[in-house]
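Read the structure below first, then the notes.
Just so we're clear, the structure is a prediction, and the values are computed from it rather than from any experiment. Chain naming here is simple, since letters A, B, ... match the order of the sequence lines and numbering starts at 1 in each.
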Amino acid sequence: MEALSSLFAGFGVALQPMNLLWALVGVVLGTAVGILPGIGPALTVALLLPVTFDLEPVSAFIMFAGIYYGAMYGGSTTSILMNTPGESGSMITALEGNKMARAGRASAALATAAIGSFVAGTIGTVGLTFAAPVLANFALSFGPAEYFALMVLGFTTISAVLGETPVRGLVSLFFGLTLGLVGIDLQTGQARFTLGLPQLLDGIDVVVVVVGLFAVGETLHVASTLHGEGFITKVRGWTWMTRADWARSWKPWLRGAALGFPIGGLPVGGAEIPTFLSYWLEKRLSKHPEEFGKGAIEGVAGPEAANNASAAGVLVPLLTLGLPTSATAAIMLAAFQQYNLQPGPLIFISNPSLVWGLIASLYIGNFMLLLLNLPMAPLWARLLEIPQPLLYGGILVFATLGTYSLNNSVFDVGLMYLIGVVGFFMRRFGFPVAPAIIGMILGPMAEQQLRRALAISQGDASVFFTRPLSATLLSLAMLVLVVPPLLRFLRASRGSSAR
Amino acid sequence: MFADLALALSVTALGACLAVGSTGISLGTGYDRIGPRFFPYLVAMGLMLLGSWLAVAAIRGNRATPVAEENDEPDLQMNWPINWSALGYLALALLLNLALMERAGFVISSSVLFWLAARAFHSRRPARDAAVAVLLSILVYFAFTRGLGLILPLGIFNRLF
């Protein structure tokens, strides 16, 4: 009940007219920048961070909450319409969403994403309000071995589910792991695979890889398959969500939220694993599994809900432990530090009006986004009618701008283009690109945990199998990789013996 | 099949390079049990195994098929020959952009990038493209530098302001 009264106090702060206005400005700005192709939520928040500096901290963070959710929403809009996600969390949304958009169902895809985001974002924020301390406690029981096992589970699920065969997914994953190795080793301070280039000492920025593989890779791929004059994706009619769409959407929304918040709340959470698990789950549970890969609405509703719920979940370790687990959260931590605030258990005591004002404005921002974006969905869908030459010209300009602005470095831009060329080959030869991003983000974390676990156990590798939680997670990871081919094999042999 | 094999071999080669590169990482003086080389070795081994697997599959005639993720319009995939002129224009656009960005400034390099990219996509209206390219670049420049406080290279306009 303590949480509830604190929340009411928070609403008292957030509902002041000036703060409401800042929340609205944040939501609009976040959506407007997030919707630019190739610029994802992390980059949007980073770009808009300086805008909030002139405000007093409480107002700044309220505006920031608006930017955060607005950027998430804008990011999924472009993912759906143009297949150029700027962050790993919206990759999965793009899978089915873009297929729907190309089939003339852009408005329905955007609507189920908007409502799903609202539902899941609200559930996630409620979860943040009440479960933060509990989750933080549970996460404290995780040792390095458990973290490592959890990441291995993430690796195998992503590789097994995306792509025709696990091998292709694994190749992509290992490419990402390779990219993640570049830079200074955190534990010993030794440079690894920097090719003698000082620009690589800090490692490769995730944004460089995401924008390269997606925006540039996609542009090259589309250009290489052009036949004669470029064509424009025609938006066939405005099909709003039908009764059947609603019936097929509401359960994925809730399931997505149920996956997204708790996993996002773990100190290794992030948005990748839950969006991914949600996609996998919806594909298993759907009555129309044949539609997956061709534009199944469950495949938009579930992952998008999971994405937004995890965005709320990510704030749990950020606020309670000061631990950022996604690129966006890392930038938010930078925002706190600009005000000389250190997130952690103490901030709830030292700055309650700020923390609870922030949480309250997450509810408000989410609601504003729904009001703003439902009527706008058909308008956003018209972005598809931009002639292809101008659209891809614009994508390249924004991709370049976003990458350059990270470190004001032309080197980054060149690296991003190079990775774009790799992305082109991956598309050409049927390798899914998403596992590469997962490998790149989780790889370094997995390595740290592996080494930490082995250091604690004095080099005894059995630690991963003797701790029950870690053993369970690793067995699950194994099952995910082994069971689907095994089932296929059994089914095939049964089919041939029946004949 | 040739291309598939070449790809498989390059995955293996990447793994091999990684393995060789790992031997050159100095170990440092940590109390670290397994050191900074262990994980790179794991990744290198994985890449080499996967590359060999792909190579075997390619030799057995297992051609690359588009994954479900991209498999939207089957006629757009694989079957069509690569449009080399489009890729050529894009390559030129990207390289010119890298060369011009800090020398000529963001507005000029972006305009060139945009215009050449439009050419790559077979635009038939070069004048319109040029107008959009310049307007967009100027608009973006001012929106992001004045509005959001980014620093974008001014290039040759440096002397004017």
So which part of Ala191(A) gets closer than 4.5 Å to some heavy atom of chain B, the side chain, the backbone, both or neither?
backbone

Who among Leu396(A), Val413(A), Leu177(A) has the most heavy-atom pairs with chain B under 4.5 Å?
Leu396(A)

Given the options Leu94(B), Leu87(B), Leu95(B), Leu113(B), which has more heavy-atom pairs under 4.5 Å with chain A than any of the others?
Leu94(B)

Is a salt bridge present between Arg102(A) and Glu96(A), judged by a nitrogen-to-oxygen distance below 4.0 Å?
no

Given that the side chain runs from C-beta out, which part of Ser85(B) has a heavy atom under 4.5 Å from chain A: side chain, backbone, both or neither?
neither

Apply side chain to side chain contact (heavy atoms under 4.5 Å, CB included) to Val211(A) and Phe398(A), showing your working.
CA-CA 10 Å; Val211(A) 173; Phe398(A) 284 116; over 6 Å; no

Which atoms of Phe424(A) approach chain B - backbone, side chain, both or neither, heavy atom under 4.5 Å:
side chain

Go through Ile25(B), Leu136(B), Leu14(B), Val140(B) and name the one with the most non-hydrogen pairs under 4.5 angstrom from chain A.
Ile25(B)

Does Tyr89(B), at its OH atom, have more than 12 non-hydrogen atoms belonging to other residues, nucleotides or ligands within less than 6.0 Å?
no

Under 4.5 Å from any heavy atom of chain A - which part of Leu7(B)
side chain

Examine Phe106(B) together with Tyr404(A) and report whether their ring centres are nearer than 6.0 Å.
no

For chain B, which of Leu390(A), Val216(A), Thr219(A), Asn408(A) has the most heavy-atom pairs under 4.5 Å?
Leu390(A)

Do Ser172(A) side-chain atoms and Ala436(A) backbone N/O form a donor-acceptor pair below 3.5 Å?
yes

Just give me the residue among Gly21(B), Cys17(B), Pro40(B) that pairs up with chain A most often, heavy atom to heavy atom, under 4.5 Å.
Pro40(B)

Does any backbone or side-chain atom of Val43(B) lie under 4.5 Å from a heavy atom of chain A? Answer side chain, backbone, both or neither.
both

Contact class of Arg128(B) relative to chain A, heavy atoms under 4.5 angstrom:
side chain

Under the 3.5 angstrom rule, does the side chain of Ser137(B) hit a backbone N or O of Ala133(B) as a donor-acceptor pair?
yes

Heavy-atom distance under 4.5 Å to chain A: side chain of Leu90(B), backbone, both or neither?
side chain

Flag the pair Asp4(B) and Arg60(B) as a salt bridge only when some basic side-chain nitrogen lies within less than 4.0 angstrom of an acidic carboxylate oxygen.
no

Consider only side-chain N and O atoms of Asn97(B) and Ser109(B), and report whether a donor and an acceptor are under 3.5 Å apart.
yes

Nearest 0.5 Å, please: how far is CD in Gln190(A) from CG in Asp185(A)?
7.5 Å

Is Leu98(B) in contact with chain A via its backbone, its side chain, both, or neither, using a 4.5 Å heavy-atom distance?
both

